[in-house]
There are 2 protein chains.
Amino acid sequence: MAATIKDVARLAGVSQSSVSRALAAPDQVRAATRERVERAVAQLGYEPNRIARGLSTGRTGTIGFLVPDIANPLFAGIVKAAQRRARDFGLAVLLADSDEDPATEIDLIRTLTKQVDGFVLCAPRAGDDELRSVCGDLPVVLLNRRVGQLPSIIFDNADGIRQALAHLAALGHRRVAYVAGPRTSWVNRERLRAVRSGAAGLGLEVVEAGNVSPDFEGGVAVADLVLAAAVTSVIAYNDMIGLGLVSRFGARGVTVPGDVSIIGFDDIPASALVSPALTTVSQPKDQCGRAGIDLLADLLNDRERPGSSRASLPTRLIVRASTGPAPKL
Amino acid sequence: MAATIKDVARLAGVSQSSVSRALAAPDQVRAATRERVERAVAQLGYEPNRIARGLSTGRTGTIGFLVPDIANPLFAGIVKAAQRRARDFGLAVLLADSDEDPATEIDLIRTLTKQVDGFVLCAPRAGDDELRSVCGDLPVVLLNRRVGQLPSIIFDNADGIRQALAHLAALGHRRVAYVAGPRTSWVNRERLRAVRSGAAGLGLEVVEAGNVSPDFEGGVAVADLVLAAAVTSVIAYNDMIGLGLVSRFGARGVTVPGDVSIIGFDDIPASALVSPALTTVSQPKDQCGRAGIDLLADLLNDRERPGSSRASLPTRLIVRASTGPAPKL
DNA sequence: ACAAGATCTGGAACCGATTCCAGAAGCGCT
DNA sequence: AGCGCTTCTGGAATCGGTTCCAGATCTTGT
């Protein structure tokens with residue numbers, strides 16, 4: 001059996017309260033007492049029981065981290081960075097994977113809500129109101145999404161799209177297709193908006209291709225439609241769709257970037273490995289995961305940093321082999 | 001404030017104990033009482049506080065899940081399946097990512113050990129003894145590794161290697177290189193052993209290429225060495241190394257599979273997308289994650305299934321474009 | 001209708017911490 | 001030394017459940 005605070009108190013010849021204070025608020029305790037406690041703690045290898053502490057303080061030292069799909073390298077990267085950072089704060093991370101399903105998102109939050117101190121939520125599908133209400137008054141940091149005034153960290157999607165459009169325009173493209181991802185996705189709407197508003201100024205004509213599932217098959221499925229639209233360039237909601245496009249184009253004898261240029265989003269590992277390697281908008285996953293935890297930790301300590309509770313992280317266009325000059329007509 | 005058991009007891013006009021029993025052991029309580037409790041529970045929307053329950057029962061309903069690298073698609077897949085399964089059991093999953101570091105593995109286990117009911121560990125780097133001792137007497141399921149008689153679930157690496165060797169032999173290869181991964185990795189040792197013991201019977205000569213880091217760069221770095229060994233085929237510790245090999249071979253003007261055939265391990269998404277697509281040994285990630293949780297859940301309920309506490313899951317060779325007939329000399 | 005036995009129930013102890021409160025000890029000063 | 005003030009300390013309540021135990025209630029057989 002592990003040593004309890006009573007054992008420490010007995011060994012040190014002081015009361016439980018003193019032990020508790022010596023550990024939690026060392027300056028409220030006389031130096032002599034503190035030392036006796038410290039010695040006893042060391043001797044017994046005492047560590048406070050987190051559960052018991054949680055019961056009286058109402059804090060568990062655990063946070064919930066929700067992602068739509070941990071198998072997606074973007075989220076895996078974010079989680080990895082977040083979990084490393086959480087360690088620094090002594091926070092444990094409860095992982096929840098919603099499988100891209102809105103109902104599951106809500107469900108998971110609801111069940112976890114009673115065992116965590118706060119949430120970092122990457123919940124692109126759930127409705128705004130539902131999301132807001134289900135968290136109750138727990139501290140929450142949203143990732144990759146804005147809902148009202150809730151603290152959140154997003155990637156600068158608009159700027160990423162702007163870079164992509166500018167890149168295409170500079171290569172002489174006049175018509176660009178945007179292949180939309182899930183209709184319910186906040187990020188998708190954001191990117192779509194950015195495409196619409198950014199294209200005009202660059203003299204680009206936009207064709208919108210229907211909402212497809214954000215995976216390889218989605219890209220394959222929409223490829224022929226894109227081709228029929230007679231565009232010379234495509235911006236895909238994400239890399240997987242982009243890779244699907246590349247693949248189907250190849251099968252159809254359409255060369256990339258000779259006939260059509262393609263830009264993805266996310267910079268997943270595969271994008272650098274395929275040929276032609278995919279030009280893509282990269283997002284600072286590590287920074288996102290870290291910042292999410294930092295922000296939540298601040299919230300947990302009532303230390304609201306007013307400025308930084310709504311960060312927007314810079315995105316960067318990575319030019320690879322899937323984009324080139326527009327074909328001469 | 002959420003309703004407590006006292007509120008329920010008061011509303012139902014019974015004692016706390018009866019409420020507790022009505023919920024935990026309904027058959028120890030008179031039907032009439034049970035119904036009153038149920039009604040009160042429904043009316044108040046009562047849900048027992050898991051922390052409080054944890055304090056008296058010593059069970060938290062949380063398990064620790066350790067992986068060496070959540071950004072590795074193999075582990076992401078395993079975690080995803082595991083977390084889904086855990087939901088069925090009402091278990092929450094504390095994720096820990098050790099970054100492939102032995103010391104971190106131990107460290108994470110140690111800190112988590114006091115807040116979980118048990119562990120699913122994918123800890124390929126920590127030493128056997130240390131691993132065994134750090135878990136104390138908590139239920140543990142090992143993944144992808146065997147340590148003594150501990151319950152564990154592994155992939156049938158040996159059979160995967162066998163299939164790979166047989167495939168190469170059937171294509172007429174006589175010399176095969178095995179590119180080893182991290183020296184300290186249990187899986188690596190296992191695969192190496194299988195290569196050694198399986199090659200002879202098939203008339204294959206084996207060349208071992210030094211231990212490299214299990215990533216793209218590792219493959220790139222070792223490629224020239226492999227080439228110098230004058231083999232016609234390579235089995236890589238994992239796909240990332242395989243992809244690195246393919247890339248560097250391409251740069252050196254060595255064609256795959258014309259000059260050299262390459263087989264990887266893990267079947268990560270990128271392997272199917274690159275060209276030539278990588279022949280690889282695939283492992284049932286979902287099954288592994290699920291089985292890990294199932295096994296741990298059994299352990300938690302003292303329901304040891306003697307037979308299945310040491311499962312070995314079937315692996316499958318997926319033949320793609322990176323393997324072909326041995327070149328004529 | 002009653003005794004014996006089985007079944008239910010409520011009170012209270014307990015899990016292991018934190019924290020409030022009142023009283024004790026320590027301090028500086030005259 | 002004695003006073004008032006600050007700083008420390010220990011006892012006890014509390015968090016929200018579970019579970020032991022003894023007593024109350026219900027069955028059952030006669």
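The chains referred to below are lettered A, B, ... by the order of the sequence lines, with proteins before strands, and numbering in each begins at 1.
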Side-chain touch [X]/[Y], heavy atoms, less than 4.5 angstrom:
{"X": "A:L150", "Y": "A:R310", "value": "no"}
{"X": "A:F119", "Y": "A:T113", "value": "yes"}
{"X": "B:L296", "Y": "B:P139", "value": "yes"}
{"X": "B:L95", "Y": "B:V79", "value": "yes"}
{"X": "B:P314", "Y": "B:D156", "value": "no"}
{"X": "B:V67", "Y": "B:I78", "value": "no"}
{"X": "A:R36", "Y": "A:T33", "value": "no"}

Nucleic acid contacts - residues 19-36 of chain A versus DNA chain C, non-hydrogen atoms under 4.0 Å
A:S20, A:R21

What nucleic acid atoms does B:T4 come within less than 4.0 Å of, heavy atoms only: base, sugar-phosphate, or nothing?
sugar-phosphate

Which part of the nucleic acid, if any, lies within reach of A:S17 when heavy atoms closer than 4.0 Å are counted: base, sugar-phosphate only, or nothing?
base

Please find the earliest and latest nucleotides of DNA chain C, in the 5' to 3' direction, that have an atom within less than 4.0 Å of any heavy atom of chain B.
C:dC8 to C:dG16

Expressed in angstrom and rounded to an integer, what is the separation of [X] atom [atom1] from [N] atom [atom2]?
{"X": "A:I5", "N": "D:dT9", "atom1": "CD1", "atom2": "C1'", "value": "14 Å"}
{"X": "A:Q16", "N": "D:dT14", "atom1": "CD", "atom2": "C1'", "value": "13 Å"}
{"X": "B:L55", "N": "D:dG17", "atom1": "CG", "atom2": "P", "value": "12 Å"}

Roughly how far, to the nearest 0.5 Å, is CD1 of A:I153 from CD1 of A:I293?
9.0 Å

side-chain contact (heavy atoms from CB on, under 4.5 Å) with B:A25: which residues, sequence neighbours excluded?
B:D27, B:Q28

Sequence neighbours left out, what pairs pass salt bridge (charged side-chain N to carboxylate O under 4.0 Å, His left out) with at least one residue falling in residues 56-67 of chain B?
B:R59-B:D117

Name all pairs fulfilling the salt bridge (charged side-chain N to carboxylate O under 4.0 Å, His left out) condition that reach into residues 137-154 of chain A, sequence neighbours left out, sorted by first residue then second.
A:D128-A:R145

To the nearest 10°, let me know how far the axis at one end of the helix from C:dA1-D:dT30 to C:dT30-D:dA1 is tilted from the axis at the other, five pairs an end.
30°

